[in-house]
Amino acid sequence: MSDSDEDYVYDDETGEWISAADARAKAGAGGARDSGVEVCDAVGNLLADGDQVTLIKDLTVKGAGQTLKRGTLIKSIRLTGDPQEIDCKYEGIKGLVLRAEFVRKR
């Protein structure tokens, strides 16, 4: 009775329970991570998870009391699903979110 077609999984995108077969088919077509949102940097290059970017402008970080200088390298970005924002890690700053218009793909 453990046929894989009888198993159901919760789909975060739709908020419904779907069959495991449907979930596999959906994952093969791009999955929940690929929501069709394209994130481009300041010069129009397409960004992806794990890319390295460089700042093109000095940015004051609210709450951290720091300024990130132009030319600062940010490694291993993550896309948030918003076409204007990217999630980053930078030494000494937790939860850094940058606008895509202020970075250039390296």
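Note that the coordinates shown come from a computational prediction; the quantities given were computed from them, not determined experimentally. In this chain, numbering begins with 1 at the start of the sequence shown.
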Rounded distance (nearest 0.5 Å) linking atom [atom1] of [X] with atom [atom2] of [Y]:
{"X": "Leu59", "Y": "Leu98", "atom1": "CG", "atom2": "CG", "value": "6.5 Å"}
{"X": "Thr54", "Y": "Asp41", "atom1": "OG1", "atom2": "CG", "value": "9.5 Å"}
{"X": "Cys88", "Y": "Lys75", "atom1": "SG", "atom2": "NZ", "value": "13.5 Å"}
{"X": "Thr72", "Y": "Asp58", "atom1": "OG1", "atom2": "CG", "value": "8.0 Å"}
{"X": "Phe102", "Y": "Arg70", "atom1": "CZ", "atom2": "CZ", "value": "14.0 Å"}

Side-chain heavy-atom pair [X], [Y] within 4.5 angstrom cut-off:
{"X": "Leu47", "Y": "Ile77", "value": "yes"}
{"X": "Gln52", "Y": "Leu73", "value": "yes"}
{"X": "Ile18", "Y": "Val9", "value": "yes"}

Minimum-distance pair of heavy atoms, taken over all atoms of Leu55 and Lys69: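 Looking at all heavy atoms of both residues, the shortest contact is CD1-O, 3.7 Å.
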Ala100 versus Cys40, closest heavy-atom pair with distance: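 Minimum heavy-atom contact is CB-O, 3.3 Å.
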Contact list for residues 88-106, test salt bridge (Lys or Arg N to Asp or Glu O under 4.0 Å), sequence neighbours left out: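 Salt bridge (Lys or Arg N to Asp or Glu O under 4.0 Å) check on residues 88-106 returns Asp51-Lys105, Arg99-Glu101.
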Qualifying residue, where the test is side chain to side chain contact (heavy atoms under 4.5 Å, CB included) with Ile86 and the options are Thr80, Ile74, Leu79: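 Going through Thr80, Ile74, Leu79 one by one, the side chain to side chain contact (heavy atoms under 4.5 Å, CB included) with Ile86 is satisfied by Leu79 alone.
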Sequence-distant partners of Val61, side chain to side chain contact (heavy atoms under 4.5 Å, CB included), two or more places apart: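 Applying side chain to side chain contact (heavy atoms under 4.5 Å, CB included) to Val61 gives Ala64, Leu68, Ile93, Leu96.
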Side chain to side chain contact (heavy atoms under 4.5 Å, CB included) partners for Thr14, two or more places apart: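 Testing Thr14 for side chain to side chain contact (heavy atoms under 4.5 Å, CB included), a comparison that skips the adjacent residues, returns Asp11, Glu16, Lys26.
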Evaluation steps, ring-ring contact (aromatic ring centres under 6.0 Å, His included), between Trp17 and Tyr8: CA-CA 6 Å; Trp17 289 92; Tyr8 287 88; 8.0 Å; no
Test log, rule side-chain contact (heavy atoms from CB on, under 4.5 Å), inputs Val37 and Asp82: CA-CA 7 Å; Val37 177; Asp82 183 343; over 6 Å; no
